[in-house]
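Have a look at the structure below before the remarks.
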Amino acid sequence: MSELAHWLDPRRRPFELLEKFFEGDTSSVAIKVEEVRDGDSLIVRAELPGIDPDKDVDVSIVDGSLHISGFREEKTEQKDKDSYRSEFRYGSFSRTLPLPEGATAESVTATYKDGVLEVRVPVPTTPPTPPQSKINVTRG
């Protein structure tokens, strides 16, 4: 309930809730990320505890953006002599981040350790120049 009160705080800008929604910052299933530029690499770290990186997450580059998506399922059970307690949390997640100009899928690496997915994207120090081509003009 306190999370709802936080979002409905009258001191917020009118469209801040929508902005946060589209940025993926609305609930516990949203991916929290950190973006760092380290020399000629962009490093993206995503907080994804409790997943199996071999089967629960997909990392791809589509239309100049890094796309991280997957599915999370967590179950806990507590059995005592006179009681039983079960909790579960599941759902899909995704996050799309724009990449710097010139970044390509070649040489991208992704590692997963201690609940954190780290993606390293090499970025050229100078963006590639667009190809030039001469257009012939015809008389018509």
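Everything numeric here is computed off the predicted structure, so don't read it as measured data.
- In this structure, Lys32 NZ and Leu48 CG are separated by 12.0 Å, a value rounded to the nearest 0.5 Å.
- Residues Lys75 and Phe88 come closest through the heavy atom pair CG-CB, 4.2 Å.
- Salt bridge present: Glu118 and Arg120 bring a charged side-chain N and a carboxylate O closer than 4.0 Å.
- More than 12 heavy atoms of other residues, nucleotides or ligands sit less than 6.0 Å from atom CG of Asp80.
- At least one side-chain heavy atom of Val44 sits under 4.5 Å from a side-chain heavy atom of Leu66.
- For the pair Asp40 and Val123, the minimum side-chain heavy-atom distance is 4.5 Å or more.
- The OG atom of Ser86 sits 9.5 Å away from atom NZ of Lys79, with the distance rounded to the nearest 0.5 Å.
- Considering all non-hydrogen atoms of both residues, Pro124 and Ala103 come closest at CD-N, 4.1 Å.
- Around CZ of Arg37, the count of heavy atoms belonging to other residues, nucleotides or ligands within 6.0 Å exceeds 12.
- In this structure, the separation between CD1 on Ile68 and OG on Ser94 is 9.5 Å, given to the nearest 0.5 Å.
- Atoms CG and CG, from Leu117 and Asp56 in turn, are 12.0 Å apart once rounded to the nearest 0.5 Å.
- The pair Arg45-Glu47 fails the salt-bridge criterion, with no side-chain N (NZ, NE, NH1 or NH2) lying under 4.0 Å from an Asp/Glu carboxylate O.
- Between Leu42 and Leu99 the shortest side-chain heavy-atom distance falls below 4.5 Å.
- Taking 4.5 Å as the limit, every side-chain heavy atom of Thr104 sits out of range of all side-chain heavy atoms of Ile61.
- Within the structure, ring pair (Phe, Tyr, Trp, His ring centres under 6.0 Å) contacts touching residues 60-84 (residues at least two apart or in different chains) do not occur.
- Rounding to the nearest 0.5 angstrom, the gap separating the CD atom in Glu74 from the CZ atom in Arg72 is 6.0 Å.
- Put simply, the side chain of Asp52 gets close to the backbone of Asp54: a donor and an acceptor are under 3.5 Å apart.
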